[in-house]
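I have placed the structure first, in the form of structure tokens, so that the comments after it can refer back to it.
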Amino acid sequence: MSTPGSGNSENQSYATAIAAFSNAVLQEGQSVGPYSDNYKGVHALALHNIYQCVRSLLGDAAFMALSRVYVRHYRPTRWDLNVFGERFYELVAAQIHGSKADAYDWEALSLLALIEYAITVQYYADTDVHHGGEAILLDAPSSDCLSSDWLLHLAALHPYADIVEGFMPGKPIAVWREGLRIKVMSVAESTGTEQGVSDE
Amino acid sequence: MTENGCKGAGLGLRTPHLREVIRETPDVPWFEVHVCNYLGGGLNRALLHQVRANYPLSFHGVNLNLAGIDPLDRDYLQRLKTAVDEFQPALVSEHACFNRYADHYFHDLLPIPFTDEAVIHLAGRVRQVQDLLGRQILLENLSRYFSYDESYLSESAFMTAVCEEADCGLLLDLNNAYVNQINLGEKLDLFVDGLPLERVGEIHLAGFTEQNGVLIDTHGAQVSDPVWQAYAKFCERRSDVPCLIEWDTNLPAFAELQAQRQVAQQIQNNARNRSGTNQVGELTA
């Protein structure tokens, strides 16, 4: 096995060697195959763990296909793998223009992805709303696009979250943590600023 | 809190087993956690406090980017220090690797060339971490699937030089060494013989999977016979070092982890009985 990149490089500095190796992994160089495979696998697994409900509704094959595209095009910019995938909802929403536009309700799945990501962020957040933590506000759904069946399924997959059985059309969705419980509901249903939620 | 020493054979504690461990307090002398999962607030941290009430802990990290060329992440380091101060783990460990380049996070343990330049670079960053934490850390040898042309030191010579230069301890992963033996032809026995064994503060044992003729350190299977044999051999020299069963992928029922742990404990006990003494190793040379 030898140095990725070009030619004999006995005089390369440490930094140059690190750079060449990193680039080879990202470019899926043959000499670093196990690392490229792991890079793809570990990030796909992170999406698999965060977006449990989206995955369940899409099915494994479609979800994995989306995961592969996401990992290829969205670079991880945080040390915490648990919060990788913050723009996955964009990729899901964009499928409305793809070859499977009619196969799924992509708008609803995109909203579901946003909610699942917000739940994850609150799960790992430093503090809850009683100690300076802030709620995450998501744009109001245009209609009641998330059925109560979907929301019950979402709640079953995130047992540490209290999720309403229906969102109010036109009202933003708030996701926040109180103590060890995560709350997900339309803003109008919450008790307002006392819980760190406002609908400004 | 229970006493904070890690002795005997412990287990890597993974999230699916957290509640079972809290509820049933199984007979395990200590647990190791991937500390990166506990640096925020919320449920994980609260659950870890409940674990800590009954068990000594070891903190194992994968994100310090110790051998990277980007600056050390001060936010991450501060979070780690807060967690170390809060939970008082018996051991804190990281890897001799890099995992970030040009703000691109690989979330993997990437290898480095074994050179004097790398020794100085890595040891300097280990010292920075130890100074901030106010304690010694253990540095773990990697499983590798690539050798740099630039390397002119053996891995054991490299790890020895880093440990001495940084005055840190060593986390000896015997499965990693075995994987390197098969994949890269680097003899496990020579590797272990070349290490400063008095600095070994923890042993890792795990299983691998074979993919296209390459052993991949997946931590997804039982410990293999050659690794058990290597562990038994190590225990003939040091039977006082805490040993950990790591299992991350295809996580089995807790009972299977316990069975693996008991094998490790038995090997350690046998070596101790044969020697007739309780060997006491020192973390620092």
Quick one: pull up [atom1] in [X] and [atom2] in [Y] and give me the separation to the nearest 0.5 Å.
X: Asn63(B); Y: Leu81(A); atom1: CG; atom2: CG; result: 8.0 Å
X: Ile18(A); Y: His121(B); atom1: CD1; atom2: NE2; result: 7.5 Å
X: His107(B); Y: Asn82(A); atom1: NE2; atom2: CG; result: 8.5 Å
X: Arg78(A); Y: Arg100(B); atom1: CZ; atom2: CZ; result: 13.5 Å
X: Ile69(B); Y: Thr16(A); atom1: CD1; atom2: OG1; result: 8.0 Å
X: Phe106(B); Y: Ser22(A); atom1: CZ; atom2: OG; result: 4.0 Å

Among Val214(B), Thr249(B), Leu110(B), Asp75(B), the residue with the most heavy-atom pairs under 4.5 Å to chain A is Leu110(B)
Applying side-chain contact (heavy atoms from CB on, under 4.5 Å) to Asp108(B) and Val42(A), what does each step give before you reach the verdict? CA-CA 8 Å; Asp108(B) 195 2; Val42(A) 75; 5.8 Å; no
[X] versus chain A, the contacting section by heavy-atom distance below 4.5 Å:
X: Ile216(B); answer: side chain
X: Ala118(B); answer: both
X: Leu109(B); answer: backbone
X: Asn212(B); answer: neither
X: Ala67(B); answer: both
X: Thr82(B); answer: neither
X: Phe98(B); answer: side chain
X: Asn99(B); answer: neither

Using non-hydrogen atoms and a 4.5 Å limit, figure out which bit of [X] sits close to chain B: side chain, backbone, both or neither.
X: Ala46(A); result: neither
X: His43(A); result: side chain
X: Ala125(A); result: backbone
X: Arg181(A); result: neither

Assess the residue pair Ser13(A) and Glu117(B) against the criterion (side-chain contact (heavy atoms from CB on, under 4.5 Å)); give the C-alpha distance rounded to whole Å, side-chain angles, the decisive distance to 0.1 Å, and a yes or no. CA-CA 8 Å; Ser13(A) 71; Glu117(B) 186 184 1; 4.2 Å; yes
Check whether any side-chain heavy atom of Asp103(B) sits under 4.5 Å from a side-chain heavy atom of Thr77(A), and report yes or no. no
Determine whether Leu122(B) and Tyr14(A) make a side-chain contact, defined as any pair of heavy atoms from C-beta on separated by less than 4.5 Å. no
Atom [atom1] of residue position [X] - does it have more than 12 heavy atoms of other residues, nucleotides or ligands inside 6.0 Å?
X: Asp139(A); atom1: CG; value: no
X: Glu24(B); atom1: CD; value: yes
X: Glu165(A); atom1: CD; value: no

Checking Asn44(B) against Tyr123(A) for the side-chain hydrogen bond (donor to acceptor under 3.5 Å, both in side chains) test, could you report, in this order, the C-alpha distance in whole Å, the side-chain angles of both residues, the deciding distance, and whether it holds? CA-CA 8 Å; Asn44(B) 266 20; Tyr123(A) 185 94; 2.5 Å; yes
I'd like to know if the side chain of Tyr35(A) and the backbone of Tyr145(B) have a donor-acceptor N/O pair within less than 3.5 Å. yes
Here the pair of heavy atoms bringing Ala19(A) nearest to Tyr101(B) is CB-OH, 3.1 Å
Identify the heavy atoms of His104(B) and Pro76(A) that sit nearest to each other, and give their distance. NE2-CD, 3.5 Å
Between Phe21(A) and Tyr148(B), is a side-chain contact (heavy atoms from CB on, under 4.5 Å) present by the stated rule, with each step listed? CA-CA 9 Å; Phe21(A) 184 90; Tyr148(B) 285 87; 3.3 Å; yes
Determine, stepwise, if the pair Trp79(A) / Tyr105(B) fulfils ring pair (Phe, Tyr, Trp, His ring centres under 6.0 Å). CA-CA 6 Å; Trp79(A) 63 262; Tyr105(B) 290 78; 8.4 Å; no
Run the numbers on Tyr124(A) and Leu43(B) for side-chain contact (heavy atoms from CB on, under 4.5 Å), then give the verdict. CA-CA 8 Å; Tyr124(A) 290 104; Leu43(B) 191 56; over 6 Å; no
Is it true that Arg79(B) and Asp126(A) have a side-chain N and a carboxylate O under 4.0 angstrom from each other? yes
